[in-house]
2 protein chains.
Amino acid sequence: MSEPASGETLLYLTDEQLRQGIEAVFFAYRSFTADPDRILATLAYGRAHHRAIHFIARAPGTTVNNLLEILGVTKQSLNRVLRTLVEDGLVESKVGTSDRRERHLYLTDEGLVLERRLSDAQRARMRAAYRQAGPEAVAGFRTVLEAMMDPEIRRKYNVLREGAP
Amino acid sequence: MSEPASGETLLYLTDEQLRQGIEAVFFAYRSFTADPDRILATLAYGRAHHRAIHFIARAPGTTVNNLLEILGVTKQSLNRVLRTLVEDGLVESKVGTSDRRERHLYLTDEGLVLERRLSDAQRARMRAAYRQAGPEAVAGFRTVLEAMMDPEIRRKYNVLREGAP
DNA sequence: CACAATACGTCAGCTTTGTTGACATTCCAA
DNA sequence: TTGGAATGTCAACAAAGCTGACGTATTGTG
């Protein structure tokens, strides 16, 4: 490079590029949640239920506290969602054996069916996008997303990845 | 692997890879909104206000209907937000000259100040992530995000890009 | 011109999902 | 054994989305 970056002249770091990136995230996220949302709407459930179901499927036997950390909401908020899921027979809450204060969460067979429906819908979109973009783009996609995360959140993300490889 | 690609064995398209991508989007989005959220919380505003401010800044003079399309919410919902912003002197709503039914939206000087604060915070995170990931990763990031969007939403996204390059 | 369509605003009421505060239960360590 | 920390539940409230109905001003059309 002849012009030696007088601070911030790298093309992909201009304010306009960053702004476009921000908008891309905003719009992509809308589409990203649209498919599960459509399914959930027919069931009187919302995104919060989806998130709980997703992470219980991902880490069966997880405790409420654990789930709380991952989801980043208050326990009261999660509890409401969890209660309806338990009442509806999608989630089972088992008292911990070593520590009886803890509740360990599992999907029932019915819960697994819904999880499958939701995640199939969401994966279908991701698969189409990934295939269209190609493996190198996907690698870059993941790299930037991980760089965007707060360190604490990235830690949780990585724990999940390592837990179920 | 001796088994050749029998349809879907491409490594980056496995269900586990897709699931990780989904979780990456989820976690990254949380961090993505965290910085503006912190600022907004001190002002009795929420994410909805931020979105309105962002897109008015992006396309000054946009009409209410236009903003509605971009944000994908109902006019009642947007109106609530817009009303407070106008009352607080951050947004100005001008009757259209050619079509007097329309209201054209502009940020006031005060609105521009807040917009700047919010967008600086969000861009700082994006800039750090972009710089850390490098230009090729950023290109892939954008490619996948665009591929994830619904066609109709991608259209709106592109209109914005072309409008202010 | 009369009238339908469009753009915007508003009222009322409901849902989802977040919040804080108060409280019960359980465990553990001093 | 007892008091504090951890875990989970109940209650009440707030933000922000939604539908439906309606009013007003303006525009465009038959």
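Nothing here was measured: the structure is a model prediction, and the numbers come from that model. Just so we're on the same page: letters track the sequence lines, and every chain starts at 1.
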>> For the CD atom on Q76(B), are there more than 12 heavy atoms of other groups (residues, nucleotides or ligands in this structure) within a distance under 6.0 Å?
In response: yes
> Any idea which of dC8(C), dT26(D), dG17(D) is nearest the D99(B) side chain?
Replying inline: dT26(D)
> When the distance from CG of L68(A) to C1' of dT9(D) is rounded to whole Å, what number comes out?
Replying inline: 13 Å
>> Below the 4.0 Å mark, does dC13(D) have OP1 or OP2 next to a side-chain nitrogen or oxygen of R80(A)?
In response: no
> Counting only side-chain N and O atoms of N79(B), is one of them less than 4.0 Å from OP1 or OP2 of dT10(C)?
Replying inline: yes
>> If you assign each of V81(A) and R103(A) to its closest nucleotide in DNA chain C, which residue comes earlier from the 5' end?
In response: V81(A)
> Base, sugar-phosphate, or nothing: which does G96(A) touch, judged by heavy atoms less than 4.0 Å apart?
Replying inline: nothing
> With a non-hydrogen cut-off below 4.0 angstrom, is T84(B) in contact with a base, only sugar-phosphate, or nothing?
Replying inline: nothing
>> Looking at dA24(C), I'd like to know if its phosphate oxygens (OP1 or OP2) sit under 4.0 Å from a side-chain N or O belonging to R101(A).
In response: no
> Whole Å only: how far is the CZ atom of R51(A) from the P atom of dT16(C)?
Replying inline: 14 Å
> Considering only side-chain heavy atoms of E102(B), which listed nucleotide, dG8(D), dT27(D), dA7(C), is closest?
Replying inline: dA7(C)
>> Nearest to the T63(B) side chain among dC27(C), dT17(C), dC8(C), which nucleotide is it?
In response: dC8(C)
> CG of L82(B) versus C1' of dA16(D): gap in Å, rounded?
Replying inline: 14 Å
> From dT9(D), dT27(D), dT17(C), pick the nucleotide closest to the side chain of R47(A)?
Replying inline: dT17(C)
> Want to settle it: does T97(A) or G72(A) sit nearer the 5' end of DNA chain C, counting the closest nucleotide to each?
Replying inline: G72(A)
> Given atom CG of L71(A) and atom P of dG18(C), what is their separation to the nearest angstrom?
Replying inline: 8 Å
>> Which label fits Y29(A) and F32(A): parallel for a plane angle under 30°, tilted from 30 to 60°, or perpendicular past 60°?
In response: tilted
> Can you check the E87(B) CD to dG9(C) P distance for me, whole Å?
Replying inline: 12 Å
>> Using whole Å, what does the distance between atom C1' of nucleotide dC27(C) and atom CG of N65(A) come to?
In response: 14 Å
> Is any N or O donor-acceptor pair between the side chain of Q76(B) and the base of dG20(D) shorter than 3.5 Å?
Replying inline: yes
> Would you say T74(B) reaches dG17(D)'s phosphate, i.e. side-chain N/O to OP1/OP2 under 4.0 Å?
Replying inline: no
> Under 4.0 Å: is that the gap between some side-chain N or O of R83(B) and OP1 or OP2 of dA16(D)?
Replying inline: no
>> When you group the ILVMFWY residues by side-chain heavy-atom contacts below 4.5 Å and let the links chain together, are Y106(A) and L160(A) in the same group?
In response: no
> In whole Å, what is the span from the CG atom of D37(B) to the C1' atom of dA15(D)?
Replying inline: 12 Å
> To the nearest 0.5 Å, how far apart are OG1 in T14(B) and CD in Q20(B)?
Replying inline: 7.5 Å
> Given atom NZ of K75(B) and atom P of dC18(D), what is their separation to the nearest angstrom?
Replying inline: 13 Å
> Among side-chain atoms of N158(A) and R155(A), is any donor-acceptor pair under 3.5 angstrom?
Replying inline: no
> Can you check whether R142(B) reaches Y12(A) side chain to side chain, under 4.5 Å on heavy atoms?
Replying inline: no
>> At 4.0 Å (heavy atoms only), tell me whether H104(B) reaches a base, stays on the sugar-phosphate, or touches nothing.
In response: nothing
> dA15(D) phosphate, OP1 or OP2: any side-chain N/O from H49(B) under 4.0 angstrom?
Replying inline: no
